[in-house]
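To start, the structure under review is shown below, and the notes come after it.
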Amino acid sequence: MRRGMDTYRLKTDIITHDKQILLPAGTEITDAVLRDVIAPNKNRHYKSSSLMHHESIRTDLSYCVSHPPYQWIFSLGDEYRDLMKLLEKTRLIQPVLETLDLLKSYDIYTYRHTLTVFTLSTLVATYLIDNYRDLMSEAVSSPSHDIGKIGVPLEILRKATPLTRNELDMLEQHPVSGCVLLNYYYGDTGNISALVARDHHEKKNGSGYPYGIHLDNPIAEIVVVCDIYDALISHRPYRPVPYDNRTALEELTAMAHRKEINMDAVKALVALNRKDKPDYRDCKLSDDKRGIPPKMNNYRIIVGEDTGD
Ligand SMILES: [Fe+2]
Ligand SMILES: [Fe+2]
């Protein structure tokens, strides 16, 4: 997997959990800049603690997975107990835990989304990646994938009408901000959490953002699929109603057929949504589109675009 950063000019400051400006707006991020940023933290080792025992995380996570469709998805009997035991192994360093606390008071949607994507992507990873249970302590990256959103102004995160170009640019910086912050906190540019934060809006065919790379990393690809699924079926400010579950799965299937996202991860979600929970490898994904996407969806629509002005 690609390490480091292609050049990217910051639209807005990157601010740490303790309110320091790590990099100001206008900075051109290059590998050299990144090395300078992490240099002071190279030999600093933050204490790590259990995510599930931190503040109200366990209760909040149970709340997130107690509503449809998650209550069906996680109707797994003993397998759900195993999953919870696996999640118990997750340890995160102090600044990341503190950022999750900040996120809870700043933007409850992103906080709950983070916990949901963490739970779902861990489950999917146990199906798709050999030895994921053993890799878990090294590879867990989903709880921090959106921590860069802490630097996005709330009026942008909550805006119901289309964004301006500048607002969209500020929003779409969050993967870069998250990556820089995680590089800084871990004192390491190869940290898997930072790479997943950077790439969680990229696509396999290069049609994503912020860099438009061809995503090729199994862990990031699972987070991408779970991230899109949760965003589609959740209430979001930019559209009046969420996608219904069936339409969301059809949307993901179409994206997988267009080679934007990982087909096996989509199959795993489809299998989890079935009552008998078949093996994902036995799931056939049909191209049929019977669902109706919500109207008036302002996702990634820019004010003034397509007006012919
Ligand atoms: Fe994101
Ligand atoms: Fe996300």
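Whatever order the structure lists ligands and atoms in, that order sets their numbers, starting from 1.
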Met84 vs Leu61 side-chain heavy atoms within contact, under 4.5 Å: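 With C-beta onward as the side chain, the pair touches.
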Distance-only side-chain donor-acceptor flag, Ser56 / Lys104, under 3.5 Å: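 Per modelled atom types, Ser56 and Lys104 side chains form a pair under 3.5 Å.
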Donor-acceptor side-chain pairing of Asp101 and His17 below 3.5 angstrom: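 Looking only at side-chain atoms, His17 and Asp101 do not form any donor-acceptor pair under 3.5 Å.
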His200 near the Fe ion (ligand 2) via N/O/S, less than 2.8 Å: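 For His200, the answer is no, given that no N, O or S atom comes within less than 2.8 Å of the Fe ion (ligand 2).
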Metal-centred angle, the Fe ion (ligand 1) as apex - NE2 of His174, NE2 of His201, 10° resolution: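 It is 90°, given to the nearest 10°.
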Mutual orientation of the aromatic rings belonging to His201 and Tyr209 [parallel < 30°, tilted 30-60°, perpendicular > 60°]: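 Plane angle under 30°, so parallel.
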Where the Fe ion (ligand 2) is the vertex, angle from Asp227 OD1 to Asp146 OD2 to 10°: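 For OD2 of Asp146 and OD1 of Asp227, the angle centred on the Fe ion (ligand 2) reads 180°.
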